[in-house]
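Both ligands and their constituent atoms are indexed starting at 1 by order of listing.
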Amino acid sequence: MDIKLVQLKSCGDERGSLIALEEQANVPFKIKRVYYMFNTGENVRRGYHAHKTLKQVAIAVRGSCKFLLDDGSEKIEVTLNHPAQGLIIESFVWREMFDFSEDCVLMVLADQIYDESDYVRDYNDFLKMVEEK
Ligand code: T46
């Protein structure tokens, strides 16, 4: 599986750092939604789904967490631990997020508004859908 972990350009000076996210530039789609998760409890593992069409970019703007990405034939673990790293998550990739640091703020930019019907929450259904693609 091709893991797309992009390095986001940081504009730093003596005052600190700044990263700008721009649709169809360093974010490879039109941004329809932004959400972020924080205060994630110890040993929490979340996600456990794939999306039929949604594309996203995930950035740990503070702290760190891990992703398990699974395209149905390969599983890869990715650590996000820097605000200048953007993980592109394509559709039809099963994802689980875990090992959140106490201070982790995981921000996600998405190309669609929230739509429960886009989720595939059963792993066997996911495998079948990948096979039939
Ligand atoms: C994904 C991973 C990386 C909303 O009302 N609007 C939203 O935009 C989102 C994302 C969630 N919600 C509600 C639905 C649930 O009641 O927030 C609650 C938690 O969402 P969920 O259980 O889907 O969270 P995760 O961490 O399992 O998954 C989320 C995204 O839903 C998902 O698209 O790819 O983060």
- Message: Between Lys66 and Glu96, does any NZ, NE, NH1 or NH2 come within less than 4.0 Å of an OD or OE carboxylate oxygen?
- Response: no
Among protein heavy atoms, which sits nearest to [atom], and what does the distance come to when rounded to 0.1 Å?
atom                    : answer
atom 32 (C) of ligand 1 : His49 NE2, 3.1 Å
atom 11 (C) of ligand 1 : Tyr114 CE1, 3.7 Å
atom 10 (C) of ligand 1 : Arg33 NH1, 3.4 Å
atom 31 (O) of ligand 1 : Tyr119 OH, 2.5 Å
atom 35 (O) of ligand 1 : Tyr35 OH, 3.3 Å

Heavy atom of [X] under 4.0 Å from ligand 1?
X      : answer
Arg121 : yes
Glu116 : no
Gly47  : yes

- Query: How about Phe92 and His51: are their ring centroids closer than 6.0 Å?
  - Reply: no
Going by a strict under-4.0 Å cutoff (protein heavy atoms only), does [atom] have a neighbour on the protein?
atom                    : answer
atom 23 (O) of ligand 1 : yes
atom 3 (C) of ligand 1  : yes
atom 27 (O) of ligand 1 : yes

- Item | Chi angles and distances behind the side-chain contact (heavy atoms from CB on, under 4.5 Å) call for Tyr114, Tyr119 | CA-CA 10 Å; Tyr114 181 70; Tyr119 285 69; 3.2 Å; yes
Min side-chain heavy-atom separation [X]-[Y] under 4.5 Å:
X      : Y     : value
Ser10  : Ile19 : yes
Phe100 : Asn43 : no
Pro28  : Ile88 : yes

Run the numbers for me: atoms of ligand 1, each under 4.0 Å from some heavy atom of [X], listed by number.
X     : value
His51 : 32 (C), 33 (O), 34 (O)
Gln56 : 1 (C), 33 (O), 34 (O)
Met97 : 2 (C), 3 (C), 26 (O), 35 (O)
Arg95 : 1 (C), 34 (O)

- Which atom pair, heavy atoms only, marks the closest approach of Tyr123 to Asp70? OH-OD2, 2.5 Å
- Item | Contact summary for Gln112 and Thr53, nearest pair of heavy atoms | NE2-OG1, 3.1 Å
- For Arg46, is at least one N or O under 3.5 Å away from an N or O on ligand 1? yes
- Query: Can you tell me if Asn81 and Thr79 form a side-chain donor-acceptor pair at under 3.5 Å?
  - Reply: no
- Task: Keeping the roles fixed (side chain from Lys52, backbone from Met129), state whether a donor-acceptor pair exists under 3.5 Å.
- Result: no
